[in-house]
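Since the structure comes first, as structure tokens, the remarks are kept for the end.
From a predicted model like this one, the values you see are computed outputs, not experimental measurements. Counting starts at 1 for both ligands and their atoms, following the listed order. Along the sequence shown, residues carry numbers from 1.
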Amino acid sequence: MRIDVVSIFPDYLAPLGLSLVGRARESGLLDVRVHDLRAWTHDRHRTVDDTPYGGGAGMVMRPEPWGEALDALVPEGTDPGPTMVVPTPAGRPFTQAVAERLAERPWLLFACGRYEGIDQRVVDHAATRMPVEELSLGDYVLGGGEVASLVIVEAVARLLPGFLGNPDSLDVESHRTGEGGGLLEHPVYTKPASWRGLDVPEVLLSGHHGNVEAWRREQQLRRTRERRPDLLS
Ligand code: JAH
């Protein structure tokens with residue numbers, strides 16, 4: 001999979017060189033390219049923002065550098081082209097199901113906004129040449145789309161065949177979307193069986209698989225009821 005990320009703070013994407021994503025790049029599974037939006041400005045001050053039409057607080061990202069960036073990264077007739085991902089609190093919710101859909105695409109292009117966001121015409125114009133997903137991670141506001149892009153890249157990359165050492169770990173987790181999914185995961189424990197006066201629940205030491213499974217399901221339901229009742233209704 002190819003991943004392009006356009007940002008005015010390309011150094012913010014440095015974690016893409018670390019850990020599992022970094023190793024996926026070294027192995028050739030991921031082709032990640034980070035770009036400085038200011039490369040597509042032409043004025044002395046490399047200006048990327050301007051005041052909002054209609055008034056109001058803050059600044060808006062000018063469309064011209066974004067248009068040139070997209071023209072440069074996605075030349076006319078590029079097939080298959082990328083899916084453009086725009087992290088924004090005004091987007092559709094990013095979920096595991098969305099991650100699974102994005103993991104099927106050959107090429108993702110992340111547009112990281114700053115300030116009050118990107119001139120909407122950038123998205124509207126891009127949508128005439130490629131699929132565009134405006135996505136929100138949740139109901140809070142970050143300083144820009146960079147950290148949200150890191151989150152989405154990691155969630156998608158770990159779904160790629162060959163990404164993980166142990167593919168089994170893909171189907172026993174919170175927020176899986178398939179059958180029996182949609183519950184929070186049960187608590188987990190490892191050795192020692194007693195630590196600082198706290199004991200691992202007896203049932204997990206019993207070797208009785210049926211009882212272990214029943215206990216885990218009960219814990220999943222309890223957690224979900226207490227922390228995420230919305231997932232049960
Ligand atoms: C903030 C551009 N839902 C997480 C999220 C994603 C993006 C942004 N904020 C929160 C954001 C400012 C400018 C994007």
Side-chain angles (χ1 to χ4, degrees), residues 1 3-16 18-19 21 32-41 45-70 73-74 82-103 105 107-127 130-159 173-175 177 182 184 227-228 230-231:
M1 172 184 277
I3 297 177
D4 287 84
V5 186
V6 181
S7 164
I8 60 168
F9 294 120
D11 292 348
Y12 230 118
L13 285 305
L16 294 177
L18 303 176
S19 189
V21 171
V32 180
R33 309 179 194 187
V34 179
H35 312 273
D36 185 347
L37 179 68
R38 291 190 203 274
W40 291 286
T41 60
H45 295 107
R46 309 179 87 197
T47 311
V48 293
D49 62 331
D50 205 337
T51 53
Y53 275 121
M59 300 290 273
V60 173
M61 293 193 105
R62 301 169 50 223
E64 298 97 323
W66 283 107
E68 290 197 30
L70 293 172
L73 296 176
V74 191
T83 295
M84 183 173 170
V85 178
V86 186
T88 163
R92 297 183 208 274
F94 178 67
T95 61
Q96 192 65 28
V98 174
E100 287 170 11
R101 225 168 12 82
L102 294 180
R105 313 283 171 90
W107 182 6
L108 302 177
L109 192 165
F110 289 83
C112 303
R114 281 266 148 183
Y115 316 107
E116 299 305 309
I118 304 171
D119 187 302
Q120 189 60 38
R121 291 169 295 180
V122 172
V123 165
D124 296 346
H125 183 257
M130 63 191 90
V132 178
E133 309 269 4
E134 292 183 85
L135 296 175
S136 169
L137 300 189
D139 296 335
Y140 46 84
V141 182
L142 300 170
E146 285 79 6
V147 169
S149 292
L150 290 175
V151 170
I152 296 169
V153 167
E154 184 157 308
V156 169
R158 62 183 291 285
L159 297 177
E173 58 194 340
S174 296
H175 303 304
T177 53
L184 300 188
R227 302 177 180 182
R228 295 293 308 279
D230 57 298
L231 294 180

Any protein N/O atoms within less than 3.5 Å of an N/O atom in ligand 1? List the atom names and distances, or say none.
from	atom 1	to	atom 2	distance (Å)
ligand 1	3 (N)	S136	OG	3.3
ligand 1	3 (N)	L137	N	2.9
ligand 1	3 (N)	G138	N	3.4
ligand 1	3 (N)	G138	O	3.1
ligand 1	9 (N)	L142	N	3.1

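- Looking at heavy atoms from C-beta onward, W107 lies in side-chain contact with V74 at the 4.5 angstrom threshold.
- A distance-only check finds a donor-acceptor pair linking the side chain of R38 to the backbone of R46 [under 3.5 Å].
- Across H35, M84, R33, E68, a single residue satisfies side-chain contact (heavy atoms from CB on, under 4.5 Å) together with L73, and that is H35.
- Between the side chain of S136 and the main chain of G138, a donor-acceptor pair closer than 3.5 Å is present.
- You'll find the side chain of L70 stays beyond 4.5 Å of the side chain of V6, heavy atoms only.
- The shortest side-chain heavy-atom distance between Y115 and V48 falls under the 4.5 Å cut-off.
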